[in-house]
Amino acid sequence: MDDLVSMINQLPDMPRIVFNMHTVEGYKHPEIAQQIGITETNSRYHLRQAKLRLRVLINRQNIGS
């Protein structure tokens, strides 16, 4: 769990914020967009970027283990 939190903290600000709001806190994209002043499309984009970057970080850790 600590490793995952560390990986999430390595994300750039906006993907990290959107990922946390959506995945951890359960907000929907319209709510995220309204609260942080972006479009719903941007919210989806940042979530996708966060997931892609996390996948890379997880794969790197699995290879190094």
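In what follows, residues are counted from 1 in the order of the sequence shown. What you are looking at is a predicted structure, and each value in this text was computed from that prediction instead of being measured.
- Note: Ser43 OG to Lys28 NZ = 11.5 Å, rounded to the nearest 0.5 Å.
- Around CD of Glu40, the count of heavy atoms belonging to other residues, nucleotides or ligands within 6.0 Å exceeds 12.
- Of all heavy-atom pairs spanning Ala50 and Pro15, the tightest one is CB-O, 3.6 Å.
- Between the CG atom in Asn42 and the CG atom in Leu47 there is a gap of 12.5 Å [rounded to 0.5 Å].
- When all heavy atoms of Arg48 and Arg55 are compared, the pair lying nearest together is NH1-NH1, 4.4 Å.
- Leu11 and Leu4 fall within the same hydrophobic cluster, where Ile, Leu, Val, Met, Phe, Trp and Tyr residues are linked whenever their side-chain heavy atoms come under 4.5 Å apart, directly or through other members.
- Closest of all the heavy-atom pairs between Met21 and Gln35 is CE-OE1, 3.4 Å.
- Atom NE2 of His46 and atom CD1 of Ile17 lie 9.0 Å apart (nearest 0.5 Å).
- In this structure, CD1 on Ile38 lies 9.5 Å from NE2 on His29, to the nearest 0.5 angstrom.
- Taking CD of Gln10 as the reference point, atom CD1 of Ile8 lies at 10.5 Å (rounded to 0.5 Å).
- Note: the hydrophobic cluster containing Tyr45 does not contain Val18 (ILVMFWY, side chain heavy atoms under 4.5 Å, direct or indirect links).
- Arg53 and Pro12 get closest at one heavy-atom pair: NH1-CG, 3.5 Å.
- Follow the hydrophobic side-chain contacts under 4.5 Å out from Leu57 and you never reach Leu52; the two are in separate clusters.
- Across every non-hydrogen atom of Ile32 and His22, the tightest pair is CD1-CB, 3.7 Å.
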